[in-house]
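No experiment lies behind these values; they were computed from the predicted model shown. Residue indices begin at 1 and follow the sequence shown. Scope of the values below: all heavy atoms of this structure, side chains included, with no hydrogens, waters or symmetry mates.
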Amino acid sequence: MDFDGQHIIVTGASSGIGLATARRIAADGGTVTMIARRGEVLAEEAGKIGPAARWIAADAGDKAQITAAMDEAVSRSGPIDGLFLNAGIEGMFAATPEYTDEAFEAVMRVNVASLFWTVRHVLPAMIARGRGAIVITGSLAAETGMVGNIGYLASKHAALGIARAIAMEAAPHGVRCNVINPGFIDTPILAGVPESFRAQMAARVPQKRIGTPEEAAAVAAFLLSDDASHVTAQSLAVDGGLLGTLMIEG
């Protein structure tokens with residue numbers, strides 16, 4: 001993949017899939033603007049990547065902050081060729097009767113409203129230029145049911161709907177929008193998971209292992225690149241076969 005001369009923005013870029021994607025974009029010749037809440041971490045990671053990486057501290061769940069960050073990124077590095085909307089939160093784990101209004105609203109703000117605010121802000125310029133690629137980090141939860149986290153499940157179904165709406169509206173104008181749905185990926189979210197449970201997770205995957213952030217980043221980078229010029233409105237699982245296989249253990 002070749003991102004030479006292109007400016008790609010990555011949200012949720014301080015760790016995990018977002019950081020791996022920022023590294024991949026820079027390695028493939030692009031300029032990458034890394035956005036996340038933790039400015040000190042962004043500064044350190046951008047420094048490791050080198051001059052191709054710039055960073056802006058902003059909370060994706062704050063409309064004023066995330067739209068201002070988009071404007072600042074354009075001012076610093078030029079028009080946006082690709083936008084990877086990777087920021088998200090899991091929310092609380094609880095049965096629906098115990099799930100709080102506050103938790104539901106927080107998840108929907110970061111995982112859904114932020115997508116709407118950000119895309120609405122940048123899409124007109126992409127359409128005017130006649131080019132652009134948007135990728136959203138979804139979840140296998142966008143394709144299946146889930147017990148004990150109604151906010152997260154609802155938000156990822158909504159994210160898929162947003163992506164498909166954008167894709168259909170923007171397709172005639174040269175702008176694409178797709179979703180990656182990671183499965184079990186070795187990100188900081190899994191850092192506190194006991195090894196015994198990680199082994200159980202890996203055993204459920206047909207490939208018998210947990211994926212790496214770099215593997216998910218490679219798919220995100222492909223969808224952001226011109227190599228995927230005829231790919232839009234798609235939802236692609238990066239899960240080692242978990243979603244597509246009925247496992248029957250003997």
Side-chain angles (χ1 to χ4, degrees), residues 9-13 16-18 21 35-37 58-67 69-70 80 82-124 126-127 132-171 175-185 187 189 216 219-220 223-224 231-239 242-244:
I9 294 179
V10 179
T11 69
I17 296 170
T21 303
I35 297 176
R37 290 176 297 175
D59 182 352
D62 183 302
K63 178 182 176 181
Q65 287 190 38
I66 195 62
T67 54
M70 295 296 130
I80 302 167
L83 176 63
F84 182 27
L85 295 173
N86 174 67
I89 60 174
E90 289 185 293
M92 72 182 296
F93 288 86
T96 299
E98 285 77 49
Y99 206 97
T100 67
D101 289 350
E102 294 77 14
F104 190 84
E105 290 166 1
V107 171
M108 297 302 283
R109 183 176 64 253
V110 176
N111 293 5
V112 181
S114 177
L115 304 179
F116 170 65
W117 297 329
T118 308
V119 172
R120 182 178 62 180
H121 195 70
V122 305
L123 191 57
M126 286 185 170
I127 289 174
I134 299 168
V135 175
I136 294 172
T137 296
S139 168
L140 295 188
E143 304 285 357
T144 66
M146 186 177 184
V147 175
N149 196 339
I150 190 171
Y152 184 79
L153 183 68
S155 75
K156 292 305 181 179
H157 275 76
L160 182 58
I162 286 173
R164 287 175 173 162
I166 295 164
M168 294 298 95
E169 290 180 16
V175 179
R176 301 179 294 104
C177 186
N178 294 286
V179 176
I180 63 166
N181 289 331
F184 300 143
I185 304 293
T187 65
I189 292 176
V219 177
L223 292 172
L224 289 165
V231 182
T232 196
Q234 299 304 305
S235 172
L236 184 57
V238 188
D239 66 350
L242 183 62
L243 180 65

Flag the pair [X] / [Y] as yes when at least one side-chain heavy-atom distance between them is below 4.5 Å, and no otherwise.
X	Y	answer
Arg164	Ser235	yes
Ile35	Met70	yes
Thr21	Val135	no

Answer yes or no: is there a donor N or O on one side and an acceptor on the other, between the side chain of [X] and the main chain of [Y], under 3.5 Å?
X	Y	answer
Ser114	Ala60	yes
Thr118	Leu115	no
Thr11	Asn86	yes
Arg176	Leu223	yes
Lys156	Thr137	yes
Asn181	Ala141	no

**Prompt:** Do Asn178 and Leu236 pass the side chain to side chain contact (heavy atoms under 4.5 Å, CB included) test, and can you show the C-alpha distance, the side-chain angles, and the key distance before you say yes or no?
**Reply:** CA-CA 8 Å; Asn178 294 286; Leu236 184 57; over 6 Å; no

Exercise answer: donor-acceptor pairs, residues 99-109 side-chain atoms, under 3.5 Å, sequence neighbours excluded:
from   : atom 1 : to     : atom 2 : distance (Å)
Tyr99  : OH     : Asn149 : OD1    : 3.4
Thr100 : OG1    : Ala103 : N      : 3.0
Arg109 : NE     : Gly61  : O      : 3.3

Nearest 0.5 Å, please: how far is [atom2] in [Y] from [atom1] in [X]?
X	Y	atom1	atom2	result
Ile134	Ile80	CD1	CD1	9.0 Å
Leu85	Asn111	CG	CG	11.5 Å
Leu140	Leu153	CG	CG	11.5 Å

If you take all heavy atoms of [X] and [Y], which pair is closest and at what distance?
X	Y	value
Ala69	Ala58	CB-CB, 3.9 Å
Gln65	Asp59	OE1-N, 2.8 Å
Met146	Tyr152	SD-CD2, 3.9 Å
Ala142	His157	O-NE2, 3.4 Å
Ile136	Phe84	C-CE1, 4.5 Å
Pro182	Ile180	CD-O, 3.3 Å

**Prompt:** Is Ile150 atom CD1 crowded by more than 12 heavy atoms from other residues, nucleotides or ligands, each under 6.0 Å away?
**Reply:**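 No, CD1 of Ile150 has 12 or fewer neighbouring heavy atoms, counting only those of other groups under 6.0 Å.
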
**Message:** My understanding is that only residues two or more places apart in sequence, or in another chain, count here; which of them pass side-chain hydrogen bond (donor to acceptor under 3.5 Å, both in side chains) with Asp239?
**Reply:**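 If we apply the side-chain hydrogen bond (donor to acceptor under 3.5 Å, both in side chains) test to Asp239, skipping adjacent residues, there are no hits.
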
